[in-house]
Amino acid sequence: MRNIMHNNLRTQGNALGAPSSTVEILRQEIPVGLNQITPVPQSDLQVGTTQEVNPLRMKMKGHDIKRIGTWNVKTLLQTGKLENLKVEMKRLKIDILGVSQMRWPKSGDFWSGEYRIIYSGTEDGRLGKKKRIGIVLQKNMGHKVKGYVQYSDRIILVKLDTKPIDTVIIQVYMHTSEEEDDEVERIYEELNDLMEKGEENLIILGDFNAIVGEGKEKNIVGKYGLGIRNPRGEILLEFCIRNNLIITNTHFQHHKRRRYTWQSPGDIRRAQIDYILVRGRYKNQVKDSKSCPGADINSDHNLVLMHCELKFKRLQKKKGMKRFQLTILKTDRVITETYDAQCTLSIEEKGGNIKQCGKEWINEEILEMINERRKYKNATDQRGKEKYRKLKNAINRECKKSKENINEALKVGLMDKTYGIVRTFFKERKFKMASIKEANGNIIYEEVEVAKCWKKYLEQLYQIDEEQQNDTEEIDQSLMREEFDKALMELKNKKAPGVDEIPAELIQN
């Protein structure tokens with residue numbers, strides 16, 4: 001019977017002048033479009049794998065889609081936890097990530113590899129029960145920062161240079177149910193004071209410790225929330241209505257395993273308490289928003305990730321300063337002799353290209369264990385849970401062991417290298433003043449506006465008189481050779497070079 005049908009189709013195809021292939025005839029007779037594809041229902045019980053066309057991925061093709069997320073990591077004080085976070089960000093291609101419960105002391109702004117980390121804490125620097133939060137930006141995003149406000153250990157703001165208007169990102173960490181509602185109301189009041197009243201594109205990330213529940217509520221809460229709304233959820237809903245904000249990860253249809261953001265010990269209960277909020281005016285920029293239970297950093301919270309269409313202004317690259325590895329002048333005899341022979345040449349020719357390159361301390365073995373541990377994060381059987389626990393302990397041990405190269409540097413007498421390693425991992429982060437408050441109480445954090453405010457303040461403070469500046473006596477500017485040689489020998493090492501980018505050590509030797 002099958003052969004007869006095949007022959008009939010071939011005969012009809014030849015009569016119409018069409019290809020003789022049965023498959024090609026069927027393709028012409030039955031065109032398949034995207035709307036005709038029926039998605040396979042998802043389930044926690046996965047028997048096999050299916051491949052289907054993702055309309056969202058096709059829609060995003062050709063657009064500047066950025067991935068913005070928020071994650072309660074429980075702590076980043078533990079050895080290797082920051083590297084684990086960077087591994088997950090690179091794997092999931094996350095551009096901007098708001099982090100809750102970092103537990104780092106004080107506040108700071110620094111680069112770690114290809115990521116810029118801006119975090120906020122308290123001035124006393126004590127760990128205690130202070131949670132502390134931060135925002136981690138991928139390299140390209142880190143260079144687009146116009147300013148930031150390290151408001152408190154529960155609120156931080158970063159402003160990005162986007163077009164046609166700027167984008168303001170706020171990371172927040174709300175109190176748990178152990179605290180009184182008055183403390184929660186105070187955080188929301190601080191958020192209202194900090195939020196821009198203009199037309200900026202506002203995105204608020206964080207752990208709100210509130211359940212808005214399942215079911216649509218005006219245009220604020222979508223149909224795809226989770227659970228039953230609690231009193232803290234009512235407070236969050238009122239805040240969103242007052243500021244015209246929508247809760248993005250309740251507006252997209254996903255399986256419930258893609259909605260919950262927190263699980264209780266033993267996975268007895270699951271809840272949705274982490275959210276990403278955007279202004280209703282810019283809701284069309286959001287293409288998808290969901291939780292990612294597959295991301296692993298040994299936390300009881302899941303990563304919440306939003307696909308967002310943002311356009312950034314073109315960045316003008318700044319010329320980097322040359323850095324020389326000066327320690328080899330003392331250890332490598334060949335280089336020392338070559339340098340001495342070239343000292344008679346001009347300063348430009350002496351510079352060379354001896355550039356020191358940093359290297360991450362985490363090794364491939366640790367990365368493999370992190371990837372292996374991720375497979376057992378959502379294990380339900382006892383064997384899987386035990387495997388996850390063993391891998392977690394093994395990662396902690398290997399991370400501590402990989403830092404022991406400090407002792408090796410001490411043994412061979414490379415003090416410069418030793419102090420550099422110590423500063424990298426154990427130094428006290430210096431606080432960088434990124435925002436100031438005007439006399440009227442307004443907070444300014446953009447670099448240009450901050451500079452104008454300082455200029456105005458200094459002019460009022462010193463009351464500069466132009467006439468007094470013009471009456472200064474002329475001073476003999478001539479310089480003796482002896483004075484130059486004396487000043488040169490008194491220069492301290494390890495200091496930043498001038499505009500010629502030549503360290504003092506190269507001239508002194």
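All figures in this text were calculated on a predicted structure; none of them were measured in a lab.
- Rounding to the nearest 0.5 Å places OG of Ser152 at 13.0 Å from OH of Tyr173.
- From Ile169, atom CD1 reaches atom CD1 of Ile204 across 11.0 Å, with rounding to the nearest 0.5 Å.
- Using a 4.5 Å heavy-atom threshold, the side chains of Lys66 and Ile96 count as separate.
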Side chain to side chain contact (heavy atoms under 4.5 Å, CB included) evaluation trace for Ile235 with Glu185: CA-CA 8 Å; Ile235 299 176; Glu185 293 286 356; 3.9 Å; yes
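- Contact detail for Ile133 and Met102: the closest heavy-atom pair is C-SD, 3.4 Å.
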Full working for side chain to side chain contact (heavy atoms under 4.5 Å, CB included) between Val172 and Ile187: CA-CA 9 Å; Val172 61; Ile187 300 295; 4.1 Å; yes
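- The minimum heavy-atom distance linking Ser112 with Ile117 is given by the pair CB-CD1, 4.1 Å.
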Full working for side chain to side chain contact (heavy atoms under 4.5 Å, CB included) between Phe252 and Lys290: CA-CA 8 Å; Phe252 294 89; Lys290 61 186 177 182; over 6 Å; no
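- To the nearest 0.5 angstrom, Ile247 atom CD1 is 8.0 Å from Gln272 atom CD.
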Steps toward side chain to side chain contact (heavy atoms under 4.5 Å, CB included) verdict (Met195, Ile170): CA-CA 9 Å; Met195 286 169 56; Ile170 299 178; 4.1 Å; yes
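- Between the Asn209 side chain and the Met174 main chain, a donor and an acceptor come within less than 3.5 Å of each other.
- Salt bridge present: Arg186 and Glu190 bring a charged side-chain N and a carboxylate O closer than 4.0 Å.
- Counting all heavy atoms, side chain and backbone alike, Ala271 lies closest to Ile211 at CB-CD1, 4.1 Å.
- The distance from the OH atom of Tyr148 to the CG atom of Leu137 is 11.0 Å, given to the nearest 0.5 Å.
- Here the side chain of His251 pairs a donor or acceptor atom with the backbone of Ile220 at under 3.5 angstrom.
- Using the six-membered ring where Trp is involved, Phe110 and Trp104 have ring planes that are tilted, between 30° and 60° apart.
- Note on Lys456 versus Glu459: no salt bridge recorded, every NZ/NE/NH1/NH2 to OD/OE distance being 4.0 Å or above.
- Here the closest heavy-atom approach between residue Gly233 and residue Val212 is recorded as O-CG1, 4.3 Å.
- Residues Ile165 and Tyr282 come closest through the heavy atom pair CD1-OH, 2.9 Å.
- Proximity of Asp153 to Arg132: side-chain heavy atoms (C-beta onward) are separated by under 4.5 Å at one or more points.
- Although no hydrogens or angles enter the test, the distance criterion places a donor-acceptor pair under 3.5 Å between the side chain of Gln138 and the main chain of Asn140.
- With contacts defined as side-chain heavy-atom distances shorter than 4.5 Å, the pair Leu92/Leu303 qualifies.
- Under the 4.0 Å criterion applied to side-chain N and carboxylate O atoms, Glu88 and Arg91 are assigned as salt-bridge partners.
- The only option from Met141, Lys139, Met89 that meets the side chain to side chain contact (heavy atoms under 4.5 Å, CB included) definition with Asp95 turns out to be Met141.
- Within a 6.0 Å sphere centred on CG of Asp181, other residues, nucleotides and ligands contribute more than 12 heavy atoms.
- Atom CG of residue Asp109 and atom OH of residue Tyr119 lie 9.0 Å apart, to the nearest 0.5 angstrom.
- Counting only distance, with no hydrogens or angles, the side chain of Trp262 and the backbone of Asp274 share no donor-acceptor pair below 3.5 Å.
- Side-chain contact between Asn84 and Asn298 is absent, with no heavy atoms from C-beta onward closer than 4.5 Å.
- Contact of the Gln285 side chain with the Leu310 side chain is registered, since non-hydrogen atoms from C-beta on lie closer than 4.5 Å.
- Annotation: side chain of Lys74 is in contact with side chain of Asp300 (closest heavy-atom distance under 4.5 Å).
- Remark: side-chain polar atoms of Asn243 are paired, donor with acceptor, to backbone N or O of Phe239 under 3.5 angstrom.
- Taking 4.5 Å as the limit, every side-chain heavy atom of Tyr151 sits out of range of all side-chain heavy atoms of Leu157.
- For the side chain to side chain contact (heavy atoms under 4.5 Å, CB included) criterion with Leu277, the lone passing option out of Ile246, Thr248, Leu236 is Leu236.
- Between the side chain of Thr250 and the backbone N or O of Gly222, at least one donor-acceptor pair lies under 3.5 Å.
- Between the side chain of Thr162 and the backbone N or O of Thr167 there is at least one donor-acceptor pair closer than 3.5 Å.
- Asn302 is listed as a side-chain neighbour of Tyr260, based on a closest heavy-atom distance under 4.5 Å.
- The closest donor-acceptor contact from the side chain of Lys93 to the backbone of Arg67 lies at 3.5 Å or more, if one exists at all.
- Across every non-hydrogen atom of Val73 and Gln101, the tightest pair is CG2-O, 4.0 Å.
- Contact check on Arg229 versus Glu217 returns a salt bridge, with a Lys/Arg side-chain nitrogen under 4.0 Å from an Asp/Glu carboxylate oxygen.
- Once rounded to the nearest 0.5 Å, the distance linking CG of Leu205 with CE of Met306 reads 7.0 Å.
- No donor-acceptor contact under 3.5 angstrom links the side chains of Arg232 and His175, judged on distance only.
- With Gln171 contributing its side chain and Thr70 its backbone, the two residues share no donor-acceptor pair below 3.5 Å.
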